[in-house]
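The next block holds one structure in the form of structure tokens; read it before the comments.
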Amino acid sequence: MPNDIENVADESLEELKVEDTTNKEETSEKTFTQEEVDRVVSQEKARFERKHRKEEESKLSKFKKLENVLRAGLSLSDEDDVLSKVEDFYKEQGIDIPDNKSVNKKDAEILGVADAQEIIETFDDTEIEARANELADKQSKGKTSARENAEFFKLGEYLTSKLKEKELETSGIDVSILQDKGFKEFANKFNSNMKMSEIYELWEKVNESIPKKPVSTGSSKSTVPNNQIKEYYTPDEVDKLSSKDLDNPTIFERVRESMKRW
């Protein structure tokens, strides 16, 4: 699909080229800024995805009608898995059902992400959360499609990000830190249940201690022998830990737990 989008975008750019016909001996083409190129590509990509989504929705509508016919014909309830019931029915008739994997799962996932993005851009956070909860309930019952799973994952990413931002704002911390590559790598070391503000406080402590370390061969060596690892670390003690110390999973975990008591 990416190649199709690029081809469509290239065609659109060609249409935008303007030739100066006032001088027959000289012709010139209009040049485009990167912003204009990005805008055209983005518009064509969105148009391509909308068209693809409509085609998929038309197919899904037909499948839904077929499902309703099968439910009525086999006297199935809304809780019954139509596919497995139909397969069982025809197997009992001696018909061999070929094992066919999901139809174009990649396209379904792309559509799911597009669905989520449209919801994010259209609705407020309360409505987005309601949709995510609806999908979570459906997923817990094993009733979500590949498209819905992709939508749920994308909505989950968005809501998790918003929660982190809200928590940092409440603590008076600039939310732009969430885009810092070093901070993201640092935060990924922690359990997802730990508050982002606590992770930031530890991040500050670690980075404040870096300029204080002497630039020497031994500066990267651990200053804490294994037999001296503590159960609890004070803020001052954390400041004195080297980067090598914090690479020790035991020390790192105990520092994190100590922070909860500061």
Side-chain angles (χ1 to χ4, degrees), residues 1-5 42 45-167 178 184 187-188 190-196:
M1 190 173 79
N3 290 335
D4 294 335
I5 295 173
S42 178
K45 180 179 178 181
R47 186 177 66 168
F48 186 88
E49 288 179 345
R50 284 197 299 272
K51 179 182 177 182
H52 194 63
R53 187 159 62 246
K54 286 181 180 179
E55 291 174 351
E56 288 298 313
E57 287 171 350
S58 176
K59 292 178 183 177
L60 289 173
S61 177
K62 292 178 180 178
F63 288 142
K64 187 62 180 177
K65 290 179 181 179
L66 176 59
E67 179 185 344
N68 291 336
V69 171
L70 292 171
R71 284 189 186 280
L74 297 175
S75 300
L76 302 177
S77 69
D78 291 339
E79 300 300 319
D80 289 324
D81 184 345
V82 175
L83 181 58
S84 62
K85 294 292 184 181
V86 171
E87 286 182 342
D88 290 343
F89 173 79
Y90 281 108
K91 284 178 181 178
E92 289 175 1
Q93 309 303 313
I95 298 174
D96 184 26
I97 307 296
D99 184 16
N100 187 21
K101 300 296 181 182
S102 58
V103 179
N104 213 338
K105 182 180 178 182
K106 184 177 180 181
D107 279 354
E109 291 175 345
I110 291 173
L111 290 169
V113 171
D115 289 340
Q117 191 60 43
E118 186 174 351
I119 291 172
I120 291 169
E121 294 173 355
T122 306
F123 300 101
D124 61 31
D125 289 350
T126 301
E127 292 169 307
I128 294 172
E129 186 174 355
R131 174 56 178 166
N133 289 336
E134 177 187 342
L135 289 171
D137 181 62
K138 192 174 180 181
Q139 190 180 67
S140 67
K141 298 175 182 177
K143 294 184 176 181
T144 48
S145 63
R147 178 172 178 171
E148 288 174 323
N149 285 332
E151 178 189 347
F152 176 64
F153 183 78
K154 182 68 176 179
L155 293 178
E157 279 188 332
Y158 170 80
L159 291 171
T160 299
S161 176
K162 296 299 288 185
L163 283 174
K164 291 177 181 177
E165 289 180 6
K166 186 176 181 180
E167 185 197 337
L178 293 172
K184 286 194 287 187
N188 286 337
F190 292 87
N191 187 294
S192 59
N193 294 327
M194 187 171 183
K195 291 183 178 180
M196 188 56 60

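Computed from a predicted structure; not experimentally measured.
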>> Ignoring hydrogens, what is the shortest heavy-atom contact between A136 and F152? Give both atom names and the distance.
In response: CB-CE1, 3.6 Å
> Any Lys/Arg nitrogen of K164 or E167 sitting under 4.0 Å from an Asp/Glu carboxylate oxygen of the other?
Replying inline: no
>> If the condition is side-chain hydrogen bond (donor to acceptor under 3.5 Å, both in side chains), which residues does S58 pass it with, not counting sequence neighbours?
In response: none
> Any donor-acceptor pair under 3.5 Å linking the side chain of D137 with the backbone of N133?
Replying inline: no
>> Can you give me the closest heavy-atom contact between L135 and L155, atom names plus distance?
In response: CD1-CD1, 4.1 Å
> Residues two or more places apart in sequence or in another chain: which of them pass side-chain hydrogen bond (donor to acceptor under 3.5 Å, both in side chains) with E79?
Replying inline: K143
> Between CD of E151 and CD1 of I120, what distance do you get to the nearest 0.5 Å?
Replying inline: 9.5 Å
> Salt bridge between E134 and R131, side-chain N to carboxylate O under 4.0 Å?
Replying inline: yes
> Going from OG1 on T122 to CD1 on I119, what distance comes out if it is rounded to the nearest 0.5 angstrom?
Replying inline: 8.0 Å
>> Using a 3.5 Å distance criterion without hydrogens, assess whether the side chain of T160 forms a donor-acceptor pair with backbone atoms of G156.
In response: yes
> If we only count heavy atoms from C-beta on, is the N149 to Q139 side-chain gap below 4.5 Å?
Replying inline: yes
> Looking at E109 and K106, does any basic side-chain N land under 4.0 Å from a carboxylate oxygen?
Replying inline: no
>> Quick test of your reading of the model: are E57 and R147 salt-bridged, counting only N-O distances below 4.0 Å?
In response: yes
> When you look at L70 and L76, which way does the side-chain contact (heavy atoms from CB on, under 4.5 Å) test go after all the steps?
Replying inline: CA-CA 8 Å; L70 292 171; L76 302 177; 5.7 Å; no
> Should S161 and E157 be marked as a side-chain contact (heavy atoms from CB on, under 4.5 Å) after you check the CA-CA gap, both sets of side-chain angles, and the distance that decides it?
Replying inline: CA-CA 6 Å; S161 176; E157 279 188 332; over 6 Å; no
> Is the backbone of E118 close enough, under 3.5 Å, to the side chain of E121 for a donor and an acceptor to pair up by distance?
Replying inline: no
> Does the side chain of E165 come within less than 4.5 Å of M196's, by heavy atoms?
Replying inline: no
>> Would you say OH of Y158 has more than 12 non-hydrogen atoms from neighbouring residues, nucleotides or ligands within 6.0 angstrom?
In response: yes
> G112 and A150: which non-hydrogen atoms are nearest, and at how many Å?
Replying inline: CA-CB, 4.1 Å
> Stepwise, does the salt bridge (Lys or Arg N to Asp or Glu O under 4.0 Å) test hold for E67 with R71?
Replying inline: CA-CA 6 Å; E67 179 185 344; R71 284 189 186 280; 2.9 Å; yes
